[in-house]
S.K.: 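Shown below is the structure under consideration.
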Amino acid sequence: MRHIWIFGAIWVVLTAIAEWALSSYIASDPFYSVEGVQAHIALDAFDFLLRLVVPVGTFVTVFILYSILRFRADRSSQQDSPHQFRYNPAFTWSWVGVSIALNLLFVIHPGITGLQQLWASAAHAQASSEVDVEVSASQWEWQFSYPQYGLEDVVNQDGQDELVLPEGKTVKFTLESEDVVHGFWIPALGQKKDVIPGMTRTIYFTPTVADDTSHNPMMRVQCTVICGAGHPYMEADVRVLPQAQFDAWVQQQKKLSASGS
Ligand SMILES: [Cu+2]
């Protein structure tokens, strides 16, 4: 009985430390600094799973280490350790029961509840998206057009492809590939979708923070499907601008395309 109390105390303390370390890691790691409505749904699911997995991980670790250290055979003795048992039905069935309960919980939340949130958010986005962006993927380049504004294959002042989005607005992306399968991913916005030749697919993002690739490397377009030698470099810069600046950018691009053609 004493061992159970000591084990429990170590487990609780280690779990508390691990949860604290996890929180500070997530808070400081740019990979988790999401800046979009849909991304927050995904991060909440991830966060919930990780938080419940920590006590399981510390339980197994403490269990093994405590058993090894506390119940090892005496060095001077040729005998096995006296603290041994082969069957412990109470423990076995508790373990099986807790595992089943946790897995069922994960299926319900964040599994079903998270999917419902994502679907609701997609339906809402579909009804309310205000900006259309046509994305063309090819080996190994992303090109962005804005049919509403008559802008095709926009580039920044250095001539690089660039995706510019208004802050707080839902954007509908129409994805097409000119050659092979690519993957359209903006890490900071938390979702991705394969871009498949011969198909037109759509995805919606609602960026919530004005940010750009130079401040946050996760705010970029990245190909996620190995599509040939240039795949790792198939990236494009993203700039999320407050609405007024976005409007000014549209006007500037319109002037540029008028003078260029
Ligand atoms: Cu690729």
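Keep in mind that this is a model prediction, so the values were computed, not measured. All ligand and atom numbering here is 1-based and tracks the order in the structure.
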S.K.: Hydrophobic clusters here meaning ILVMFWY residues chained together by side-chain heavy-atom distances under 4.5 Å, can you tell me if Ile41 and Ile112 are in one?
M.R.: no

S.K.: Residues two or more places apart in sequence or in another chain: which of them pass side chain to side chain contact (heavy atoms under 4.5 Å, CB included) with Ser145?
M.R.: Glu134, Glu152, Asp153

S.K.: Please identify which of these residues, Trp95, Phe91, Phe71, meets the ring-ring contact (aromatic ring centres under 6.0 Å, His included) condition with Phe63.
M.R.: Phe91

S.K.: For a distance under 2.8 Å, give residue and atom name for each protein N, O or S atom next to the Cu ion (ligand 1).
M.R.: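 You should have found Cys223 SG, Val225 O, Cys227 SG, His231 ND1.
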
S.K.: What class does the angle between the rings of Tyr66 and Phe7 fall in, given that below 30° is parallel, 30 to 60° is tilted and above 60° is perpendicular?
M.R.: perpendicular

S.K.: Would you say the side-chain atoms of Gln38 pair up with the backbone N or O of Thr206, donor to acceptor, closer than 3.5 Å?
M.R.: yes

S.K.: Nearest 0.5 Å please: distance from the CG atom of Asp211 over to the CE atom of Met218.
M.R.: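 With rounding to 0.5 Å, CG (Asp211) is 11.5 Å from CE (Met218).
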
